[in-house]
Asks: 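Sharing a structure, written as structure tokens. Questions coming.
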Amino acid sequence: MKNRSLSFWLFLTPTLVALALVVFIPMLEGLFYSFTNWDGLSFTKMVGFQNYITLLHDKAFVNAFWFTVAFVIVTVIALNVIGLGLALLVTQKFKGSNFLRTVFFMPNMIGGLILGFIWQFIFTQGFSALGNALHAGWLQNWLTTEHTGFWGLVIVTVWQMSGYIMIIYIAYLQNIPQEIIEAAEIDGASAWQRFTKITFPMIAPAFTVCMFLTLSNGFKIYDQNLSLTGGGPYNSTQMLAMDIVNTAYNSSNFSLAEAKAIIFFIIVAAISLIQVFYNRKREVDM
Amino acid sequence: MSHKFWKHLATVTMVAGAALTLAACGNSNASKKNVKITILQGKVENNKQFKQIASQYEKSHPNVKIEVTSIGGGTQYDPVLKTRISSGNAPTIFSLAGPADVKQFKAHEADLSDTKAAKAAQPGTLSSVKTDGKTVGLPFNVEGYGFVYNKKVFREAGIDATSLTTYAKLQAAVKKIDSMKTKLGIKGVFALPGKEAWIMSDHLANLYIGQDFKGNALKLYNSKTMPFTKNADMKQMLDLQSTYSIKPVMQMDYSAQVNQYFSQGKTAMIQQGDWIYPTIAQIDKKFAKNDVGMIPIPVKGEEGKLPVGTSLYWAVNRQKSSAEQTAAKNFLDWLYTSKAGKKDVVNTLHFVPAYKGYSNFKMQDALTQTVFKYSNENKTIGWAFPGYTGTSWDPDVAQPNLQKYLSGKQGWAATVKNMQDGWKKQQASSSN
């Protein structure tokens with residue numbers, strides 16, 4: 001730290017102050033409030049770990065946790081497979097590949113809330129009209145059961161985010177030196193071999209980034225959840241973030257919500273960091 | 001660490017964040033004569049009208065300045081009020097939704113017993129806002145709900161809606177309308193919004209849960225148990241609505257019920273209240289004017305009575321200067337008891353008054369007229385549900401359980417039991 005000059009700290013201060021005001025201090029405050037019976041206005045006593053014990057027995061929280069975990073597993077796999085697939089597609093040299101990039105990225109420019117409402121219309125009106133025309137019962141009554149709600153959320157998230165993931169993969173795909181691939185081709189490697197032995201290891205850093213983004217985004221999702229299913233039916237599609245917001249604002253149980261938020265933070269941070277650490281080891285250096 | 005330290009720390013942080021907004025409203029007693037009062041109210045649909053009334057009041061009372069902020073719709077009111085209070089920017093006049101709010105904001109509620117408005121309030125309207133012998137709230141208005149029906153459909157089906165005073169008669173009429181569905185051009189007799197759980201958990205359940213508490217919200221709020229003795233009657237009414245509703249019930253929300261189906265003549269009736277009139281009028285003025293009516297939901301033992309009650313109350317902030325409090329009380333007295341104020345209440349806000357002295361006024365539309373009529377004739381059922389709407393039982397227990405029942409995931413007996421147990425658990429934990 002000795003060689004840090006005054007100007008270094010001067011430049012850093014605004015960001016540090018802003019971060020402290022909107023992230024660090026509120027977080028410490030939240031941590032403190034999670035040990036009280038705070039109702040958003042005042043608190044009368046310290047309750048120790050009572051809120052943390054309550055949340056373990058809170059069926060809604062546990063249900064939201066497992067629902068979110070299932071959602072994250074499905075979306076992380078789907079997003080990375082589809083994102084990489086799209087990236088491979090649009091990096092082939094053919095007419096219109098640039099146009100396709102724009103098209104695939106477009107959903108990402110629409111806000112999650114609006115997207116939720118658009119898809120709600122598609123799922124309820126569009127799907128049922130299609131179901132009527134095709135006599136397909138499974139297209140009816142979407143979003144009215146836990147399963148259709150789950151898949152609805154997965155579809156919307158994948159549709160929205162795969163374009164973004166695609167862009168990251170494209171950047172790394174284009175950085176692969178052409179000579180290596182050509183050399184492999186001359187050596188007689190098939191297209192599949194070139195992909196698994198060269199392309200895939202070479203884009204490992206992209207994999208780390210995308211895994212991190214999709215993981216943490218999957219856990220933190222709220223707006224699509226709110227506008228698409230609103231947690232319904234009977235709170236079965238309520239994800240962690242939504243459960244926390246509802247505990248605080250609908251039930252006015254701010255201290256319990258703080259405790260849930262702290263647990264939520266620890267889970268997301270731990271999983272994301274472990275993932276980054278593990279994937280980093282697999283990356284190849286040129 | 002003392003609590004004070006953390007409170008100060010919280011205040012400092014929030015003040016820093018909101019420094020710009022605060023700078024404008026820091027000093028309320030800069031000049032002695034001029035008073036500025038701030039209103040934070042929870043009926044967002046009346047935002048424009050309240051602002052109009054405030055500027056009118058400012059003209060006739062030049063030393064008073066009123067600033068109106070409205071919160072509602074998608075934004076929840078309580079968190080905003082809490083933020084304003086903890087950032088030192090608390091409003092002079094704010095709104096309370098029921099006993100749970102009265103308890104939460106106790107430190108800020110001034111005694112309003114001596115106001116003219118409190119004295120003029122209709123009997124029973126103040127019971128939820130009385131605490132320790134004081135009256136801390138003044139009702140905005142009264143509202144009523146029932147079956148809002150399409151007069152044209154009933155006329156063509158040859159049914160007199162006002163004759164449907166018992167469940168049996170209602171059921172027979174529903175079956176008749178259902179058999180003539182295609183001829184009448186409707187998609188279903190009812191439109192039951194399964195997604196909007198509060199329509200069941202608040203309004204419908206009130207008719208049955210409320211009977212054990214004589215429609216008194218405060219009694220319900222303080223009760224350790226929830227007898228729910230009339231649950232079988234509720235099941236009957238819920239089943240009738242869901243069986244003959246436009247499907248799928250669990251996909252329908254408020255706007256589908258009111259805007260998409262009822263306002264466009266696709267359903268014979270919906271369980272709703274007088275507050276939907278402006279929405280219907282916006283979509284089809286002619287239909288709203290000529291063909292909309294409301295009948296009570298027939299409840300055994302309470303036939304011919306309309307559930308009428310208050311969803312919001314005004315409160316005055318005790319922690320403001322006495323000049324500000326007096327100005328606030330004067331404004332509320334003016335609004336509800338002066339000649340000009342009364343006119344605004346009825347003609348500008350379209351409120352059904354919760355106060356005496358309005359007998360020579362005529363309400364503006366068919367739905368408020370119905371509410372006013374039942375209220376004047378004292379043929380009303382009280383609103384007990386504000387006794388639980390502010391508690392976590394409503395969103396965490398009642399609503400999901402009723403939705404589970406509607407989706408066929410859970411039987412009625414289990415639904416009732418979960419609701420009763422959930423209430424007992426909540427009341428036991430909140431008392432210590």
Side-chain angles (χ1 to χ4, degrees), chain A residues 17-18 20-22 24-26 28-30 32-33 36-46 50 54 58-61 63 113 120 123-125 127-128 140-146 148-149 226-227 229-236 238 243 245-254 256, chain B residues 1 3 5-7 9-10 12-14 16-17 74-83 85-86 100-101 103-108 194-197 247-253 256 260 389-397 399-410 426 429-430 432:
Chain A
V17 169
L21 277 178
V22 303
F24 301 135
I25 294 177
L28 288 174
E29 254 186 273
F32 170 73
Y33 281 135
T36 68
N37 62 350
W38 193 47
D39 67 352
L41 210 54
S42 59
F43 60 92
T44 49
K45 60 180 179 207
M46 306 292 293
Q50 189 54 51
T54 312
D58 186 340
K59 263 193 217 152
F61 185 71
N63 182 54
L113 267 181
Q120 190 190 62
F123 285 135
T124 55
Q125 311 290 325
F127 272 38
S128 88
Q140 303 286 0
N141 297 346
W142 267 65
L143 306 183
T144 66
T145 60
E146 188 180 344
T148 49
L226 180 74
S227 57
T229 67
Y234 43 88
N235 297 354
S236 60
Q238 197 162 282
D243 181 59
V245 170
N246 286 348
T247 308
Y249 295 131
N250 282 351
S251 314
S252 275
N253 203 339
F254 280 78
L256 179 61
Chain B
M1 289 274 163
H3 295 175
F5 169 79
W6 285 103
K7 266 190 185 164
L9 185 65
V12 166
T13 341
M14 281 167 171
T75 318
Q76 278 151 325
Y77 180 81
D78 281 8
V80 177
L81 178 59
K82 281 178 182 171
T83 315
I85 289 174
S86 36
D101 274 357
K103 190 180 163 201
Q104 268 199 71
F105 299 106
K106 204 166 193 171
H108 292 85
K195 262 183 128 178
E196 245 36 88
K247 306 267 170 12
V249 166
M250 289 307 291
Q251 251 178 18
M252 200 187 301
D253 60 9
Q260 198 182 336
T389 41
T391 71
S392 62
W393 179 81
D394 196 17
D396 295 348
V397 181
Q399 297 182 356
N401 272 294
L402 285 168
Q403 283 185 324
K404 267 186 198 166
Y405 172 70
L406 269 186
S407 335
K409 272 247 163 193
Q410 177 177 286
Q426 164 182 295
S429 69
S430 70
N432 54 36

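We name chains A, B, ... by the order of the sequence lines, and we start the count at 1 in each one.
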Asks: Rounded to the nearest 0.5 Å, what separates atom CG in A:Asn235 from atom NZ in B:Lys404?
Replies: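 It comes to 8.5 Å.
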
Asks: B:Gln251 versus chain A, heavy atoms under 4.5 Å apart: side chain, backbone, both or neither?
Replies: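 Contact with chain A: backbone and side chain both.
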
Asks: Rounded to the nearest 0.5 Å, how far does OG of A:Ser252 lie from CG of B:Asp101?
Replies: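 One finds 7.5 Å between CG of B:Asp101 and OG of A:Ser252.
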
Asks: Minimum heavy-atom separation for A:Pro233 and B:Gln403, please, with both atom names.
Replies: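 Between these two residues, the closest heavy atoms are C-OE1, 3.9 Å.
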
Asks: Between the side chain of B:Lys82 and the main-chain N/O of A:Asp39, is any donor-acceptor distance below 3.5 Å?
Replies: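 Looks like yes, one N/O pair under 3.5 Å.
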
Asks: In Å, rounded to the nearest 0.5 Å, how long is the span from CG of A:Asn253 to OG of B:Ser429?
Replies: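 Reported value, rounded in 0.5 Å steps: 8.5 Å.
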
Asks: Between B:Lys247 and chain A, which part of the residue has a heavy atom less than 4.5 Å away: side chain, backbone, both or neither?
Replies: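 For B:Lys247, no heavy atom lies under 4.5 Å from chain A.
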
Asks: Mind checking the CG-CD spacing from B:Asp253 to A:Gln120? Nearest 0.5 Å is all I need.
Replies: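 Between atom CG of B:Asp253 and atom CD of A:Gln120 there are 6.5 Å.
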
Asks: Checking heavy atoms, do the side chain of A:Asn141, its backbone, both or neither come under 4.5 Å from chain B?
Replies: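 Contact with chain B is through both the backbone and side chain of A:Asn141.
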
Asks: Kindly write out the residues that satisfy ring pair (Phe, Tyr, Trp, His ring centres under 6.0 Å) with A:Tyr234, not counting sequence neighbours, or none if the list is empty.
Replies: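 A:Tyr234 satisfies ring pair (Phe, Tyr, Trp, His ring centres under 6.0 Å) with no residue once adjacent residues are dropped.
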
Asks: A:Gln140 versus chain B, heavy atoms under 4.5 Å apart: side chain, backbone, both or neither?
Replies: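 Neither part.
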
Asks: The criterion is ring pair (Phe, Tyr, Trp, His ring centres under 6.0 Å); which residues satisfy it with A:Phe61, sequence neighbours excluded?
Replies: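 A:Phe61: no ring pair (Phe, Tyr, Trp, His ring centres under 6.0 Å) contacts found.
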
Asks: Flag the pair B:Pro395 / A:Ser251 as yes when at least one side-chain heavy-atom distance between them is below 4.5 Å, and no otherwise.
Replies: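 Yes, close enough: below the 4.5 Å cut-off.
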
Asks: Measure the CE-OG1 distance between B:Met250 and A:Thr148 for me, rounded to the nearest 0.5 Å.
Replies: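 Rounded to the nearest 0.5 Å, the CE-OG1 separation comes out at 10.5 Å.
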
Asks: So, A:Asn250 and B:Gln76: side-chain donor and acceptor under 3.5 Å apart, yes or no?
Replies: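 A donor-acceptor contact under 3.5 Å links the two side chains.
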
